[in-house]
A.B. asks: 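The structure is given below, and queries will be raised subsequently.
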Amino acid sequence: MRLMRSLVAGCALLFGMHAIASAQSDLTGYWKYAVPNGGVNYLELKQSGSEIFVSGRSGMSQKSCGTLHGDKLHLEIPSAFGRPDPKRFITYDATVNGDKFPATRKDRDGELTSGTIERVPREEAHPARLPLPELRDLTDNGLARTPPMGWNSWNKYHDKFDDATVRAMADAMVSSGMSKVGYNTIVVDEGWSSYRDKDEKITGNARFPDMKALADYVHSKGLKIGIYSSPGPQVCGGYQGSYGHEEEDAKTFAEWGYDYLKYDWCSAFGIYQATPADLEGAYQKMGEALQKTGRPIVYSLCEYGLGDVWKWGAKTGGNLWRTTFDISDNWESMEKNGFSQLDITRYPQAGHWNDPDMLEVGNGGMTGEEYRTHMSLWALLRAPLIAGNDLRQMSDETKSILMNTDVIAIDQDSAAKPVEVQWVEGKSEVLVRPLEGDAVAVGLFNRGNQASQIGFRWDSLHLAAFLGGKTLEATDLWKHEPVKVEGDSFTAVVPRHGVVLLRVSAVQFGFR
Ligand code: GLA
């Protein structure tokens, strides 16, 4: 009750107090907004006078409010998943007329669609829960022995992209040189699916008329291709998900030739509990379906780190799993996602990776220093390197970050040893990760707003044990130049939000 009252107060503050109730309608109940050949969004409304409270399927405690003045309905729903952004709302506007009426929806990118709002039975908005499999350990599919590398449509385009965009990104992945340095998979995120056909088969929407032809095209470029779905009935933006169709969809994706599935929890919040057991069961269900197809398909779990996925993700057949809420193209978001990983670095292993979300490098919201920090941190964490920018239009700086082969080599290094925080003081940190051979990567990070002098002692790098007959050699991986190994320690002035990333190795005397 107290929660309800504070939400009421929140909505009243947002929209102003409207003491006079709209007399004629009570919108309390379940509704769907549908666009022809588009997505479906279910809304649970509770009306109190002229105030409307909205709960969606997201299960997140976001304040979603609306008003009904006379017959004019206006709803505002915070848009950012998991991390509401007060400035960005999805809005619905309609003139209420009975239980079915035309409406417009403005999505988080400001795009307007026209559709219909219609009252639906509770069972349609909240389908009954189907049984989950008994939990067991699936066999390792042998894929993703190093952290996956590729491109995904979401960070740059949200669902505003089409078949041609994906083909263009495949072309650009090759022509820019990215495929030569390890990026090999193009992932089609939210926005490709439509309703099921008469045989219940999932289909592409008008912007994705032939998902098989798209896969064939991407393969013809020597690349792999990924697709996106959800254990819930809809993906986050309302397009079709795989709930109750897991086996058929896995089979369809395999028949079309897809090599990678990103499986996003989204509307599964409305079906299952977000407990480790339900999460694991739902992901295992699709993991089994994928393995049954016989096609090698990298399995990417996207559940925002819920239920400590790093403890059970591998059992579901998962090759990578999201450990955080969505990244945005700004320092605070990237810093939060990246540095929050340092407590769980012992979980990634060959074939099974922590995923603090995709790269924002090149999207324009951060400085070059900040993007170098992003890339360095992801590499030290052994995180998947999934670019999220327009690969056709990369500045030289963006290319130099995404295609820094020395930094990529750290990400892909096969030494199964986690990065460790060697030293922290205020906003300065030194992170060290052992690499193959007698080598380590050292990142000097300045998370503060002023330039800061940061250093470490050479003998603290755990290479000392190998020093009989050897000496140290160090390279600055962003300046691409050798660093003098002299004295007891190394220090550098690191710019605000910046990084100095070194590779230090022990080499035999006489071989330098
Ligand atoms: C969630 C995921 C994102 C993206 C969107 C698509 O927010 O975490 O990575 O897939 O859904 O709606």
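Just so you know, ligand 1 is whichever comes first in the structure, and atom 1 is the first atom listed for that ligand. All values below come from the heavy atoms of this structure, side chains included, with hydrogens, waters and symmetry mates left out.
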A.B. asks: Under 3.5 Å between some N or O of ligand 1 and some N or O of Tyr304?
C.D. replies: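 It does not: no N or O of Tyr304 is found under 3.5 Å from an N or O of ligand 1.
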A.B. asks: Phe161 and ring pair (Phe, Tyr, Trp, His ring centres under 6.0 Å): which single residue from Phe208, Tyr228, Trp192, Trp154 fits?
C.D. replies: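 Of the listed options, the one satisfying the test is Phe208.
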A.B. asks: Does Trp154, backbone or side chain, put an N or O under 3.5 Å from an N or O of ligand 1?
C.D. replies: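 N/O-N/O distance under 3.5 Å: no.
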A.B. asks: Taking the six-membered ring of Tyr217, is the NZ or CZ of Arg167 close enough (under 6.0 Å from the centre) and on axis enough (within 45°)?
C.D. replies: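 Yes, a cation-pi geometry holds between Arg167 and Tyr217.
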A.B. asks: Mark the output for Asp189 as yes if a heavy-atom distance to ligand 1 is under 4.0 Å, and as no if none is.
C.D. replies: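 Within the 4.0 Å threshold, so yes.
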A.B. asks: Are Lys201 and Asp249 within salt-bridge range, i.e. N to O under 4.0 Å?
C.D. replies: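 No salt bridge links Lys201 with Asp249.
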A.B. asks: Any atom of ligand 1 sitting under 4.0 Å from a heavy atom of Phe325?
C.D. replies: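 No, Phe325 has no heavy atoms under 4.0 Å from ligand 1.
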A.B. asks: Show which atoms of ligand 1 fall inside a sub-4.0 Å distance from at least one heavy-atom site of Cys236.
C.D. replies: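 Every atom of ligand 1 under 4.0 Å from some heavy atom of Cys236: 1 (C), 11 (O), 12 (O).
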A.B. asks: Is it true that Glu44 and Arg122 have a side-chain N and a carboxylate O under 4.0 angstrom from each other?
C.D. replies: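 So Glu44 does not pair with Arg122 through a salt bridge.
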A.B. asks: Does Asp357 reach ligand 1 with a nitrogen or oxygen that is under 3.5 Å from one of the ligand's nitrogen or oxygen atoms?
C.D. replies: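 N/O-N/O distance below 3.5 Å does not exist for this pair.
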A.B. asks: Between Lys262 and ligand 1, which residue portion shows a heavy-atom distance shorter than 4.0 Å: side chain, backbone, both, or neither?
C.D. replies: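 Within the 4.0 Å criterion, Lys262 contacts ligand 1 through side-chain atoms alone.
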A.B. asks: At under 4.0 Å between heavy atoms, which part of Asp264 makes contact with ligand 1: side chain, backbone, both or neither?
C.D. replies: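 Asp264 to ligand 1: side-chain contact only, backbone stays beyond 4.0 Å.
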A.B. asks: One thing to verify: whether Glu248 and Lys251 come together as a salt bridge, which I'm taking to mean a side-chain N less than 4.0 angstrom from a carboxylate O.
C.D. replies: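 Not counted as a salt bridge, because no side-chain N and carboxylate O are separated by less than 4.0 Å.
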A.B. asks: Mind jotting down which residue pairs meet the side chain to side chain donor-acceptor pair (under 3.5 Å) criterion with at least one end in residues 174-185? Sequence neighbours excluded, please.
C.D. replies: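 Counting only pairs at least two positions apart or across chains, no side chain to side chain donor-acceptor pair (under 3.5 Å) contact touches residues 174-185.
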A.B. asks: Scan for side chain to side chain donor-acceptor pair (under 3.5 Å) pairs involving residues 273-283, sequence neighbours excluded, and state none if there are none.
C.D. replies: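 Of all non-adjacent pairs touching residues 273-283, those that pass side chain to side chain donor-acceptor pair (under 3.5 Å) are Arg129-Asp278.
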A.B. asks: Taking non-hydrogen atoms only, is Cys302 closer than 4.0 angstrom to ligand 1 via side chain, backbone, both or neither?
C.D. replies: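 Only the side chain of Cys302 comes within reach of ligand 1.
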